[in-house]
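In listed order, ligands and their atoms are each counted from 1.
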Amino acid sequence: MHDFSYHGGILHCGDVRLDRIAREVGTPFYCYSMPTLVRHIEAFEEPYKAIDHQTCFAMKANSNLAILSLMTRYGLGADVVSGGELYKATKAGIPADKIVYSGVGKTTEEIDMAISAGIMMFNIESQQELEVINARAGELGRKAPISIRVNPDVDPRTHPYISTGLRSHKFGIDIEASTTQYLRAREMDHIEIVGIDCHIGSQLTEVRPFIDAVERLKILIEELAQRGIVFRYLDLGGGLGITYSDEQPPHPREYGKAIIDTVSGLGMTLIFEPGRVIVGNAGILVTRVLYRKETPEKTFIVVDAGMNDLIRPALYGAYHEILPVERKAPETRTEKADVVGPICESSDFLAKDRDLPVLARGDLIAVMSAGAYGFTMSSNYNSRPRPPEVLVDGDAYSVIFKRQTYEDLVAGEMIPDTLR
Ligand SMILES: *Cc1c(COP(=O)(O)O)cnc(C)c1O
């Protein structure tokens with residue numbers, strides 16, 4: 001369900017024509033729909049209305065301050081994976097006690113920053129990290145609240161690069177080893193055990209792996225309870241998938257119901273870390289056709305957005321639906337084409353062997369479902385300024401990130417005197 005639809009043959013976001021935004025901010029640009037974001041937040045929250053819980057938006061999916069401010073307004077916290085994300089979350093007004101900190105490589109400086117801020121908890125990913133956090137908390141005269149990210153060895157049946165819950169992955173602590181680590185943590189002077197956590201992967205399209213993971217955690221929770229370790233928080237991570245083409249992921253309602261049924265009676269506050277399911281289908285990337293290039297093998301549609309703007313196709317072979325901003329007449333011929341960017345890499349494509357209406361130089365196209373892991377993964381590769389982001393609400397839009405300039409590209413670069 002989203003807010004991008006044709007009116008009078010022109011693709012709109014809400015009531016705003018995308019060709020108008022293109023004219024005013026240039027191309028390429030990211031466009032997000034505020035009403036869709038709100039609907040996704042509300043749909044995710046709905047099942048837990050009567051249940052102790054806190055949803056912590058996974059900021060790595062989209063960390064624009066305007067988007068985060070919207071999350072703040074709806075009571076969401078944040079799942080952060082770096083000091084930069086913690087900084088941005090705080091800047092967007094997300095209270096520290098609604099922030100969880102995940103990731104295998106937290107630096108000493110980042111740990112100090114999070115302890116001082118007073119975050120809800122660290123999700124611990126290794127024994128050594130636990131020791132370092134204990135030491136840093138001691139140094140700062142504080143107690144660090146922690147949960148252990150348990151790796152339940154469940155196959156999420158998603159793309160290997162976004163799957164994290166198998167023993168072979170770098171994430172979390174083996175379920176067998178978790179008991180030992182909790183017992184160690186209990187003996188530490190500056191650690192307060194507050195929760196237990198798992199996150200098994202991203203873009204999951206079935207409920208089953210989530211439930212399997214929770215079932216495994218429940219066994220561990222009972223075992224630890226017998227040893228006197230009880231938890232306040234049960235953090236179930238994120239990972240709920242969305243429809244990019246013909247996937248049929250569970251609706252948040254169905255996911256929520258299955259989770260609630262599985263955890264009932266545990267008496268713990270549920271923590272969720274959704275990213276993609278909130279923002280993925282609330283955003284698109286709009287780009288303009290620069291050239292048609294026909295070779296004996298293939299037709300290439302060369303556009304002004306590249307893998308530096310949206311890397312998911314290059315990185316995961318991800319599928320994004322492509323729609324022309326100006327709808328072509330039904331009788332328009334279609335053709336099989338690759339939509340490619342201007343970057344000097346063969347992996348720089350947005351779509352491969354796609355059936356598309358015949359596109360011409362100057363046409364605008366929308367790359368759908370680009371709200372998650374789109375802009376946040378963008379870069380300046382090939383010295384391309386990062387594109388602007390706009391947020392549409394009804395018949396108005398705001399620029400929430402302005403297009404970088406060439407000066408921005410050299411900000412921070414310095415030429416040593418010896419080279420002058
Ligand atoms: C990436 C990530 C998430 C969010 O995943 P989505 O698939 O976007 O919901 C949540 N928790 C952790 C620890 C993550 O690494």
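Within the 4.0 Å heavy-atom criterion, neither part of Ala61 lies near ligand 1. Residue contacts with ligand 1, taken as heavy atom pairs separated by less than 4.0 Å, involve His199 solely via side-chain atoms from C-beta onward. Residue-level proximity to ligand 1 for Asp79 is carried by the side chain, the only part with a heavy atom below 4.0 angstrom.
A salt bridge between Lys298 and Asp353 is present, with a side-chain N of the basic residue lying under 4.0 Å from a carboxylate O of the acidic one.
Ligand 1 lies within reach of Pro274, whose nearest heavy atom is under 4.0 Å from it.
No hydrogens or angles considered: nothing links the side chains of Tyr316 and Gln203 as a donor-acceptor pair under 3.5 Å. Donor-acceptor pairing under 3.5 Å is recorded for the side chains of Gln127 and Glu131. Judged purely by distance below 3.5 Å, without hydrogens or angles, the side chains of Thr287 and Asp304 pair a donor atom with an acceptor atom. When only modelled atom types and interatomic distance are considered, Thr334 and Asp355 share no side-chain donor-acceptor pair under 3.5 Å. Judged purely by distance below 3.5 Å, without hydrogens or angles, the side chains of Ser147 and Asn123 pair a donor atom with an acceptor atom. Under the 3.5 Å distance criterion, with hydrogens and angles disregarded, a donor-acceptor pair is assigned to the side chains of Thr55 and Glu45. Residues Ser202 and Arg276 bring a donor and an acceptor atom of their side chains to less than 3.5 Å of each other.
Here the heavy atom of the protein found nearest to atom 2 (C) of ligand 1 is Lys60 NZ, 2.2 Å. Atom 7 (O) of ligand 1 has its closest protein heavy atom at Ser202 OG, 2.3 Å. In this structure, atom 8 (O) of ligand 1 lies nearest to the protein heavy atom Tyr373 OH, 2.6 Å. Protein heavy atom nearest atom 10 (C) of ligand 1, with residue, atom name and distance: Glu273 O, 3.1 Å.
Against a heavy-atom cut-off of under 4.0 Å, Ser102 is close to the following atoms of ligand 1: 13 (C). Close approach to Arg276 involves these atoms of ligand 1, each under 4.0 Å from a residue heavy atom: 6 (P), 8 (O), 9 (O). Within the listing of ligand 1, atoms 6 (P), 8 (O), 9 (O) sit less than 4.0 angstrom from a heavy atom of Gly275. Of all atoms in ligand 1, numbered sequentially from 1 with element shown, those under 4.0 Å from a heavy atom of Gly239 are 5 (O), 6 (P), 7 (O), 9 (O). The ligand atoms of ligand 1 that sit less than 4.0 angstrom from a heavy atom of Arg149 are 13 (C). Of all atoms in ligand 1, listed by their number and element, those nearer than 4.0 Å to a heavy atom of Ala58 are 3 (C), 4 (C), 10 (C).
Judged by distance alone, the side chain of Glu125 and the main-chain N or O of Gly103 form a donor-acceptor pair under 3.5 Å.
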